[in-house]
Amino acid sequence: MNPQHLLTFAVVARLKSITLTAQHLNIGQPAVSGQLKLLQTFVGEPLYERKGHQIKLTAAGEGLLRYADKMDSCYSKALEYVRSLQKISTGVLRIGATMTIASYYLPRFVVELQTNYAGVQVFMKTLDTAGTLDNLYSLDLGFIEGSLQGVELPSNYQIIPWQKDEVVLVLPEYHVLTTQYTDFVPLEVFTQHQVIWREQSSGGRQVVENALKAAGIIAPVNIEVTGVSAVKESVRAGLGIGFSSSLALKNETKGLVSRRIGPQEGLTWQLNIIAPKTSLQSRATKAFLKLCMEESSL
């Protein structure tokens, strides 16, 4: 049974006229009659009879109409949904992002997306880089910190360089290092003061560890916490010095200060987006990417 024949049958039953149905569907009358004839042949008994210029359904036709009407209703709803997708007035955007990006970079983009397209639902998971890579097929976009050198992505995904950030030292407001160093702090301070370390999967920690390794410095790990907020509160409480994304300290006005680390250019890191190839992206995904990339180009 051809589904299109059922949809045509539903329209004929509603308008009670082959002529009006042909006009409504923008097809010729012979095409409508042909579809009805094929449907009747498949069913094996008459579905309608002519009463003057009108169509009257038989008992078999009335019975079939219940299902044809449901199908017509579902088709109309599906068409309406597709049209709303084309206008980005609905849809779902699933994002996986590392903790720093999820906390300090993405919220304003999510707000802007939902301001522009109120019907889009956004679900954001906080994942480390490995977790993001493991969950690619359940995500629309992945945002990660640090290098992806040596990582092989599925052929239908791409890496989009996004923003550069800097890892800075986080200090209590009245710490001795704040007066000793007013701009750059040497890497040696990581061996001279107790450090609040991020979790091992942190991109920021990897940047610091790579810099220490390159300088031949071995720093002890005595305190390890999860997340930037834990680092900031531990430093604020006086447990030691820490490090974080510079953006995570942008709005800090009480009890904490930051200093650049190491060489004159500081410790920079690359933030990347993992996205499906353009042809596989939903409209909501494209709209969110556009917001993010417009910002990075400023």
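Only this structure's heavy atoms are used, side chains among them; waters, hydrogens and symmetry mates stay out.
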Which atom pair, heavy atoms only, marks the closest approach of [X] to [Y]?
{"X": "Leu39", "Y": "His5", "result": "CD2-O, 4.0 Å"}
{"X": "Ile273", "Y": "Leu141", "result": "CG2-CD2, 4.1 Å"}
{"X": "Ala211", "Y": "Leu267", "result": "CB-CD2, 3.6 Å"}
{"X": "Ala275", "Y": "Ile160", "result": "CB-CD1, 4.0 Å"}
{"X": "Ile196", "Y": "Val231", "result": "CG2-CA, 4.2 Å"}
{"X": "Leu6", "Y": "Ala68", "result": "O-CB, 3.7 Å"}

With a 6.0 Å cut-off (strictly less than), is the heavy-atom count around [atom1] of [X], excluding the residue itself, greater than 12?
{"X": "Tyr67", "atom1": "OH", "value": "no"}
{"X": "Tyr157", "atom1": "OH", "value": "yes"}
{"X": "Lys277", "atom1": "NZ", "value": "yes"}
{"X": "Lys286", "atom1": "NZ", "value": "yes"}
{"X": "Glu152", "atom1": "CD", "value": "no"}

Backbone N or O of [Y] within a donor-acceptor pair of the [X] side chain at under 3.5 Å?
{"X": "Asp140", "Y": "Arg94", "answer": "yes"}
{"X": "Thr58", "Y": "Pro46", "answer": "yes"}
{"X": "Ser73", "Y": "Asp69", "answer": "no"}
{"X": "Glu199", "Y": "Gly227", "answer": "yes"}
{"X": "Thr179", "Y": "Val176", "answer": "yes"}
{"X": "Arg259", "Y": "Tyr181", "answer": "yes"}

hydrophobic_cluster_shared for [Y] and [X], side chain cutoff 4.5 Å:
{"X": "Phe288", "Y": "Met293", "answer": "yes"}
{"X": "Ile261", "Y": "Val189", "answer": "yes"}
{"X": "Leu212", "Y": "Trp269", "answer": "yes"}
{"X": "Val167", "Y": "Trp197", "answer": "yes"}

Checking Val228, Val195, Val168 against Phe243 for side-chain contact (heavy atoms from CB on, under 4.5 Å), the one that qualifies is Val195

Among residues two or more places apart or on two chains, list those pairs meeting side chain to side chain donor-acceptor pair (under 3.5 Å) that have a residue in residues 30-42. Thr8-Gln35

Can you run down the side chain to side chain donor-acceptor pair (under 3.5 Å) pairs that involve residues 219-237, sequence neighbours left out, and say none if there aren't any? Tyr104-Lys232, Arg205-Glu224, Lys232-Glu252, Glu233-Arg236, Arg236-Glu252

